[in-house]
Q: 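Okay, handing you the structure first.
Just the heavy atoms: all of them, side chains too, but no hydrogens, waters or symmetry mates, feed the values below. The sequence lines fix the lettering, A, B, ..., with proteins before strands; numbering per chain opens at 1.
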Amino acid sequence: MTTSADFLSKLNHSQRCAVEHFCGPLLVIAGAGSGKTRALTYRIANLIIYNKVNPESILAVTFTNKAAKEMKDRLDKLLAQEISSKNYKQPFDSLSEFNQKKLLSFIYKKTTKQLWIGTFHSLCARILRYDINKYQDSKKRKWDRNFSIFDESDVQNILKNIILKQFNLDEKTFNPRAIRYAISSAKNLGLSPEEYLKEHSYSKGRVIAEIYDEYQTQLAENNALDFDDLILIPVCLFQDNKSVLGYWHSQFKHILVDEYQDTNRIQYTLIQLLTTNGKINKNSWNWKNRSIFVVGDADQSIYSFRMADFTILLNFQAEFGDGLPDDDTKTMIKLENNYRSTENILVAANNLIYKNSQRIDKTLKATRGKGEKIYCYKADDEHIEAEFVISKIQELISINSELSWKDIAFLYRVNSQSRPFEDILVRKSIPYTIVGGFKFYDRQEIKDSVAYLRLIVNPYDTVSLLRVINSPRRGIGKTTIDLLLKASQELKTSLWEILIDETSVKTLTGKSSKAVLNFVHMIKKLQEKSTELVSTDIFNQVMQKSGYIDDLKRKETEESDNRLENLQELYNAMNQYREENNDPSLQGYLTNASLASDLDNLENENNKVSLMTLHSAKGLEFPVVFLVGLEQGTLPHIRSLNNPLSLEEERRLCYVGITRAQEKLFITYARERSVWGSKETKIVSQFLEEIPQNLIDNHTNIIPEKSSWKKNNSMDNNTKWAVGDHLVHYSFGEGEVTHVLGSEKKVNLAIKFKNLGRKIIDPSTNSVTKIF
DNA sequence: AGATAACTACAGCCA
DNA sequence: GTAGTTATCT
């Protein structure tokens with residue numbers, strides 16, 4: 001195998017081993033900032049260029065659509081460099097503009113376009129567009145290739161209807177959200193309604209199984225799938241149908257999975273089926289020209305709420321690999337060199353994550369300078385916190401000419417924490433972008449127009465049909481709709497089939513029938529056109545013919561103007577999709593839209609401060625990071641406080657946050673925070689206390705005299721504390737002092753609480769009251 | 001049938 | 001606080 005030395009010269013030894021891996025299984029344990037994306041990208045390039053692997057036979061699973069896009073872009077650049085130096089004997093940049101363009105379009109056509117790179121969901125949706133007609137479930141439910149993908153609110157609609165209207169159940173005992181979670185979990189374990197029933201034969205479980213069964217029926221009636229089905233159905237199809245599995249097994253010779261620690265059972269089963277062709281006996285696997293290559297870091301596993309299970313990563317060696325110990329194995333490589341952060345940041349991160357019991361030992365090794373201490377700030381409340389953070393970034397920007405807005409990120413636990421930061425950023429006209437959060441596709445006008453498009457592709461999609469049948473208002477009211485729905489239920493046909501029969505509509509609805517028939521006529525016309533027009537043209541037609549645009553224009557309010565702008569933006573997004581993916585089909589766009597979280601398209605080009613949750617921050621890095629809201633109940637999140645395993649996951653989240661920082665890390669927390677409109681006193685996060693104090697510079701705005709506590713609390717601040725004192729903590733309850741740490745000026749207490757074990761608490765924050 | 005007022009449950013992270 | 005739903009009025 002000849003591999004260009006230049007190509008690999010930018011890699012360290014471990015990275016190079018990973019990149020040069022050709023056949024068989026390989027697990028890459030990649031710590032934060034160890035260059036794992038680089039290893040993945042280089043390996044794909046290496047497979048294509050030097051191992052002459054057909055791009056079509058490479059399946060690369062990323063965690064987000066954005067990561068997929070980035071990987072494709074990086075690959076384009078890398079391939080351009082390599083091919084340029086091979087074929088033209090000069091670097092890509094020195095080629096003429098014409099040759100650059102020619103080369104890039106050649107690479108796109110021959111390579112990047114052929115690759116299967118995407119999330120589990122998008123890749124599975126693509127597989128299902130070919131083969132879903134070959135599947136039927138145990139109750140003979142079937143779907144066709146025009147299936148809709150229902151988002152969470154569509155799913156909630158259906159489930160609420162089943163639970164409250166059809167089954168007449170009590171909302172308290174059968175909370176739709178909880179039921180949704182149960183069904184989703186079942187699907188992620190690969191359980192059908194019947195299998196779920198077997199495992200939950202108690203009374204409530206039986207009802208949930210029935211709801212699940214009815215839910216599947218309704219999905220099938222709508223020719224629709226939810227997110228979980230996108231993965232579950234391919235798995236079921238592969239298990240039922242050996243020839244379909246055989247086809248895809250021989251298609252995908254090299255399978256790569258990024259963020260393997262966040263894979264769940266059903267995703268694992270999918271990978272396993274594709275890799276082994278469903279053969280259970282390890283000795284019968286043929287690794288010739290075939291590989292499974294997974295990259296992950298158990299310390300960054302933060303999706304257990306989505307059924308992610310990092311023991312899958314821990315079991316890779318036993319399931320696929322040689323199972324030998326770390327020093328002898330040929331199927332595992334550890335990347336421990338960190339190229340991202342300064343040493344202080346890494347030491348803090350390492351010390352924090354050591355506190356977890358569930359992990360494989362791994363230490364991030366610094367390759368850069370020591371760096372600055374972590375700047376820690378205690379604010380009086382969340383507004384002061386935001387004031388501090390923003391005045392700090394203004395200060396940093398003004399004294400450091402190299403630094404710009406895009407180098408700065410604010411990371412928080414929950415989306416609602418962004419509010420105070422946004423307010424001040426707006427006031428100070430600092431450009432910012434919120435990653436994730438309120439989603440573009442959740443807006444009413446976007447959902448409406450997407451529903452029109454879904455209906456055109458898939459007329460069985462009754463959820464979309466009901467959404468648009470009377471919006472804009474066209475005189476088809478509740479009574480009319482109820483009559484039609486009742487008829488469709490009695491005749492056991494889809495609503496659309498009732499609607500397209502003119503006589504039925506006339507008999508059923510009398511004087512409203514004209515409006516209904518007009519609507520049906522319009523949709524039919526658009527369906528006919530949809531075969532000849534490109535997606536963007538259909539969109540324009542829909543918006544005009546439906547009267548949606550006119551309706552908004554007539555209103556002339558600020559809100560309607562805004563909606564019109566959003567629709568324009570949707571048009572742009574469709575156009576962009578069409579050009580980038582060379583896919584003029586409406587269905588292609590709709591799949592993309594259902595799976596896209598938000599429009600993070602033109603992000604990097606704009607110089608803006610980034611605001612996002614810790615979950616969204618995974619995989620990113622910033623020179624300056626503000627990790628905000630480090631309080632018990634915020635991070636760690638309140639719902640994890642009484643569960644050791646969730647607490648470990650919160651610690652991993654905090655670890656992810658810390659390791660995003662390249663140069664400077666700021667950690668802030670507030671004494672008091674508004675939650676649901678009412679104020680709550682907070683205490684500092686245990687995670688902050690788990691970081692060695694010598695790495696931290698502490699600051700605060702709180703002057704003891706000013707603290708609001710003084711005004712309405714007679715307890716003085718100078719309580720003398722001694723070992724054996726009994727006290728009450730406002731949230732941990734009763735406890736006993738076991739150690740008094742520090743001296744006169746700054747005392748900390750080690751307190752043994754009744755059921756919670758020992759904690760270290762600062763009594764000057766007045767969170768504790770002495771009893772005796 | 002549609003608009004408006006009153007009421008309630010609520011927000012944890014995501015493809 | 002808000003979003004979404006229900007009750008009441010026109």
Q: Figure out the CG/P separation between A/D154 and B/dA15, and round it to whole Å.
A: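 Value for this atom pair: 17 Å.
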Q: Does atom CZ (A/R126) have a neighbourhood of more than 12 heavy atoms from anything else shown, all under 6.0 Å?
A: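 Buried by this count: over 12 neighbours within 6.0 Å.
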Q: My understanding is that only one of A/I271, A/T62, A/L230, A/I266 makes a side chain to side chain contact (heavy atoms under 4.5 Å, CB included) with A/F120; could you say which?
A: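 Running side chain to side chain contact (heavy atoms under 4.5 Å, CB included) over A/I271, A/T62, A/L230, A/I266 with A/F120 returns exactly one hit, A/I271.
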Q: When we call it a touch if two heavy atoms are under 4.0 Å apart, what does A/E259 touch: a base, just sugar-phosphate, or nothing?
A: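 Touches nothing.
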Q: Nearest-Å distance, CG (A/D228) to C1' (B/dA15)?
A: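 Interatomic distance, CG of A/D228 to C1' of B/dA15: 9 Å.
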Q: At under 4.0 Å between heavy atoms, what does A/Y303 touch on the DNA or RNA strands: base, sugar-phosphate, or nothing?
A: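 It contacts sugar-phosphate atoms only.
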Q: Quick check for you: among B/dA11, B/dG2, B/dC13, whose closest atom lies nearest to any side-chain atom of A/F305?
A: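 Selected nucleotide (nearest to the side chain): B/dC13.
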Q: Could you tell me whether the phosphate oxygens of B/dA11, OP1 or OP2, come under 4.0 Å of any side-chain nitrogen or oxygen in A/N415?
A: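 Checking B/dA11 against A/N415, no side-chain N or O comes under 4.0 Å of OP1 or OP2.
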Q: In whole angstrom, give the distance that lies between atom CG of A/L595 and atom P of B/dC14.
A: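 These atoms are roughly 16 Å apart.
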Q: Identify, with sequence neighbours excluded, every residue that meets ring pair (Phe, Tyr, Trp, His ring centres under 6.0 Å) alongside A/Y130.
A: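 With sequence neighbours excluded, A/Y130 shows a ring pair (Phe, Tyr, Trp, His ring centres under 6.0 Å) to A/W248, given in chain and number order.
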Q: Would you kindly give the CD-to-P distance between A/Q444 and C/dT5, to the nearest whole Å?
A: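 About 12 Å, once rounded to whole Å.
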Q: Between A/Q300 (CD) and B/dC14 (P), how many Å, whole number?
A: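 Value for this atom pair: 16 Å.
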Q: Could you work out the separation of C/dG4 and B/dC13 based on their P atoms and round it to a whole Å?
A: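 Rounded to whole Å, the distance is 15 Å.
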Q: Using the salt bridge (Lys or Arg N to Asp or Glu O under 4.0 Å) rule, take A/D229 and A/K187 through it: C-alpha gap first, then chi angles, then the decisive distance, then the call.
A: CA-CA 7 Å; A/D229 288 329; A/K187 287 186 174 184; 2.8 Å; yes
Q: To the nearest angstrom, how far is A/Y655 atom OH from B/dC13 atom C1'?
A: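 Interatomic distance, OH of A/Y655 to C1' of B/dC13: 19 Å.
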Q: OP1 or OP2 of B/dA15 sitting under 4.0 Å from any side-chain N/O of A/N264?
A: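 False: A/N264 side-chain N/O out of range (4.0 Å or more) of B/dA15 OP1/OP2.
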Q: Tell me every residue that passes salt bridge (charged side-chain N to carboxylate O under 4.0 Å, His left out) with A/E690, counting only those two or more places apart in sequence or in another chain.
A: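 For A/E690 the salt bridge (charged side-chain N to carboxylate O under 4.0 Å, His left out) partners, ignoring immediate neighbours, are A/R651.
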Q: For A/T480 and A/E650, find the nucleotide of DNA chain B closest to each by heavy atoms; which residue's nucleotide sits nearer the 5' end?
A: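 Taking each residue's closest nucleotide, the earlier one in sequence belongs to A/T480.
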Q: For A/F227 and A/S640, find the nucleotide of DNA chain B closest to each by heavy atoms; which residue's nucleotide sits nearer the 5' end?
A: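 That would be A/S640.
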Q: Extract from the structure each pairing of a protein N or O with an N or O of nucleotides 3-9 of chain B at less than 3.5 Å, listing the distance.
A:
| from | atom 1 | to | atom 2 | distance (Å) |
| --- | --- | --- | --- | --- |
| B/dA3 | OP2 | A/R473 | NH1 | 2.6 |

Q: Determine the contact category for A/T591: base if any of its heavy atoms lies under 4.0 Å from a base atom, sugar-phosphate if only primed atoms, P, OP1 or OP2 are that close, otherwise nothing.
A: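 Counting heavy atoms under 4.0 Å across all strands, no contact is made by A/T591.
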Q: Of all the nucleotides listed (B/dA15, C/dT5, B/dC13), which has the minimum atom distance to the side chain of A/K160?
A: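 When the side chain of A/K160 is considered, C/dT5 is the closest of B/dA15, C/dT5, B/dC13.
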Q: Determine: side-chain N/O of A/T64 to OP1/OP2 of B/dC14, distance under 4.0 Å, yes or no.
A: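 Checking B/dC14 against A/T64, no side-chain N or O comes under 4.0 Å of OP1 or OP2.
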Q: Taking salt bridge (charged side-chain N to carboxylate O under 4.0 Å, His left out) as the cut-off, I'd like each qualifying pair that reaches into residues 475-487 of chain A, sequence neighbours left out, listed once.
A: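 Qualifying pairs: A/K478-A/D482.
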Q: OP1, OP2 of B/dC14 versus side-chain N and O of A/T613: anything below 4.0 Å?
A: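 A/T613 to B/dC14 OP1/OP2: side-chain N or O found under 4.0 Å.
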Q: Report the nucleotide, chosen from B/dA15, B/dC10, B/dA11, that has the shortest atom-to-atom distance to any side-chain atom of A/N175.
A: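 From the listed options, B/dC10 comes nearest.
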Q: Rounded to whole angstrom units, what separation is found between the CZ atom of A/R177 and the C1' atom of B/dC13?
A: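 Rounded to the whole Å, the gap is 12 Å.
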Q: Applying salt bridge (charged side-chain N to carboxylate O under 4.0 Å, His left out) as the test, list every pair that has at least one member in residues 463-473 of chain A; sequence neighbours left out.
A: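 Every salt bridge (charged side-chain N to carboxylate O under 4.0 Å, His left out) pair that includes a residue of residues 463-473 of chain A, provided the two are not neighbours, is A/D448-A/R467.
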Q: Would you kindly give the CG-to-C1' distance between A/L164 and C/dT5, to the nearest whole Å?
A: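 Whole-Å distance recorded here is 12 Å.
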Q: Go through the structure and list residues passing salt bridge (charged side-chain N to carboxylate O under 4.0 Å, His left out) with A/D299, not counting sequence neighbours.
A: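 Partners of A/D299 under the salt bridge (charged side-chain N to carboxylate O under 4.0 Å, His left out) test: A/R359, A/K362.
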